[in-house]
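Each remark here refers to the structure printed beneath this line.
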Amino acid sequence: MVKLENKKIYEDLGEIIKGDLLFHDIDRVLYSTDASLYKMKPEGVVIPEDINDVVETVKYCRSHNIPITPRGSGSGLAGSAINKGIILDFVPAMNEILVMNSRTETVRVQSGVFQTSLNNELKSYDLFFPPNPSSADY
């Protein structure tokens, strides 16, 4: 059950985006931590299906003065994947490598791409994306 304090946001976002909304208390608890020592329960989590979901979520949150935090896998040690507002989790649905150009050595990816996945694709071009953090697999 969606907690009453978050129900309005949940219903509003449900009308304007196609992606998933995670507003149940257990979801909020799961997203209240990352690899840091900090803990902060968000209002809810948006799993955007596409760029339009991101745009609409940002517009909604801006108009309602709700903080937004983009999240990858939550592997950072500084608490940068948590907040009290809305978490945008890009990993489940926006994780594609869109364009690779070996001639110009450029690549365009969606925000949820893991570095290891990207480097595995770039190997065939004898390229890689530095640096090499311990969290590259997640």
Next item on the list: Could you tell me the separation between the CD atom of E15 and the OH atom of Y10, rounded to the nearest 0.5 Å?
Entry: 11.0 Å

Next item on the list: Give the minimum heavy-atom separation between F129 and L122, together with the two atoms involved.
Entry: N-CD1, 4.0 Å

Notebook entry, point to check: Once you round to the nearest 0.5 Å, how far does CG of D12 lie from CD1 of I66?
Noted result: 8.5 Å

Item checked: From CG (L127) to CG (L118), nearest 0.5 Å -> 10.0 Å

Note to self: Would you say that more than 12 heavy atoms from the other residues, nucleotides or ligands in this model lie under 6.0 Å from the CG of L98, or not?
What the structure shows: yes

Note to self: Check whether N119 reaches the backbone of F128 with its side chain - one donor and one acceptor, N or O, closer than 3.5 Å.
What the structure shows: no

Note to self: Would V45 and L21 count as a side chain to side chain contact (heavy atoms under 4.5 Å, CB included) here? Give the steps.
What the structure shows: CA-CA 6 Å; V45 179; L21 299 172; over 6 Å; no

Item checked: K8/E11 under salt bridge (charged side-chain N to carboxylate O under 4.0 Å, His left out): CA gap, chis, key distance, verdict -> CA-CA 5 Å; K8 173 85 167 110; E11 290 172 347; over 6 Å; no

Next item on the list: May I ask you to test the Y60-I86 pair for a side-chain heavy-atom distance under 4.5 Å?
Entry: no

Next item on the list: Using the side chain to side chain contact (heavy atoms under 4.5 Å, CB included) rule, take S111 and M94 through it: C-alpha gap first, then chi angles, then the decisive distance, then the call.
Entry: CA-CA 6 Å; S111 299; M94 293 188 70; 5.8 Å; no

Notebook entry, point to check: Is there a side-chain contact between R71 and I82 (heavy atoms, below 4.5 Å)?
Noted result: yes

Check: What's the spacing between Q110 CD and I51 CD1 if we round to 0.5 Å?
Finding: 8.5 Å

Margin query: Can you tell me how far apart CE (M100) and OH (Y125) are? Round to the nearest 0.5 Å.
Written below: 4.5 Å

Margin query: Tell me the closest heavy-atom pair linking F23 and D27, and the distance in Å.
Written below: N-OD2, 3.9 Å

Notebook entry, point to check: I47 versus L22: any side-chain heavy-atom pair under 4.5 Å?
Noted result: yes

Check: Between CG of L30 and CD1 of I87, what distance do you get to the nearest 0.5 Å?
Finding: 12.0 Å

Check: Going by heavy atoms in the side chains, are P48 and L88 under 4.5 Å from each other?
Finding: yes

Checklist line | Heavy atoms of other groups near N101 CG, more than 12 under 6.0 Å | finding: yes

Item checked: A78 versus Y38, closest heavy-atom pair with distance -> O-CE1, 3.7 Å

Notebook entry, point to check: Which atoms form the tightest heavy-atom contact between P67 and N65, and what is the distance?
Noted result: CD-O, 3.8 Å

Next item on the list: Answer yes when K41 and D25 have at least one side-chain N-carboxylate O distance shorter than 4.0 Å, and no when they do not.
Entry: yes

Next item on the list: Would you name the heavy atoms of G85 and P42 that are closest together and state the gap between them?
Entry: O-CB, 3.3 Å

Next item on the list: For the residue pair K18 and D50, establish whether any side-chain heavy-atom pair is separated by less than 4.5 Å.
Entry: yes

Check: Which atoms form the tightest heavy-atom contact between I68 and T57, and what is the distance?
Finding: CD1-O, 4.3 Å

Next item on the list: Start with the C-alpha gap between V54 and F90, add the side-chain angles, then the distance that decides, and say whether side chain to side chain contact (heavy atoms under 4.5 Å, CB included) holds.
Entry: CA-CA 9 Å; V54 176; F90 291 99; 3.5 Å; yes

